[in-house]
Amino acid sequence: ARVAHRAGAPHLALELLRRVRSLRPERWETVAAAVEIALDQGDVQLAASTYAADRALLAQAPEARRRGLLRRLTSA
């Protein structure tokens, strides 16, 4: 998903993240990546809803990473 995102295929990246999420739903990294990609696409609503829906899972992420995501969300 990260490679697709960096290669300029954000829709493919989000689809791949959805597939990863179905296989490993306990990974906060997948949620964080989905929020970042949605923000990079300019889809603030998708990013915010993803963050809100998986807030409990994101609580496992390092504090600096959570603050960074929240800062990007609030400034978008």
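Note: hydrogens, waters and symmetry copies are ignored here, and every other heavy atom, side chains too, is used.
Expressed to the nearest 0.5 Å, how far CG of L70 lies from OG of S75 amounts to 9.5 Å.
Considering only residues two or more places apart in sequence or on other chains, R24 meets the side-chain hydrogen bond (donor to acceptor under 3.5 Å, both in side chains) condition with E26. Take E63 and apply the side chain to side chain contact (heavy atoms under 4.5 Å, CB included) test, not counting sequence neighbours, and it matches R66, R67.
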Can you give the donor-acceptor pairs under 3.5 Å from side chains of residues 31-40 to other protein atoms, not counting sequence neighbours?
residue: E36; atom: OE1; partner: R65; partner atom: NH2; Å: 3.3
residue: E36; atom: OE2; partner: R65; partner atom: NE; Å: 3.4
residue: E36; atom: OE2; partner: R65; partner atom: NH2; Å: 3.2
residue: D40; atom: OD1; partner: R72; partner atom: NH2; Å: 2.6
residue: D40; atom: OD2; partner: H5; partner atom: NE2; Å: 2.7

Please output the side-chain donor-acceptor pairs of residues 52-62 that fall under 3.5 Å, not counting sequence neighbours, one pair per line with the distance.
residue: D54; atom: OD1; partner: R21; partner atom: NH2; Å: 3.1
residue: D54; atom: OD2; partner: R21; partner atom: NH1; Å: 3.1

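Side-chain atoms of R19 and E15, non-hydrogen and from C-beta on, do get closer than 4.5 Å to each other.
Judged as a salt bridge (Lys or Arg N to Asp or Glu O under 4.0 Å), not a single pair has a partner in residues 4-14 (not counting sequence neighbours).
Side-chain contacts under 4.5 Å among hydrophobic residues (ILVMFWY), followed directly or transitively, place V3 with no other residue at all.
Residues P25 and S22 approach most closely at CD-O, 4.2 Å, considering heavy atoms. Nearest heavy atom pair, residue A47 against residue L73, reads CB-CD2, 3.7 Å.
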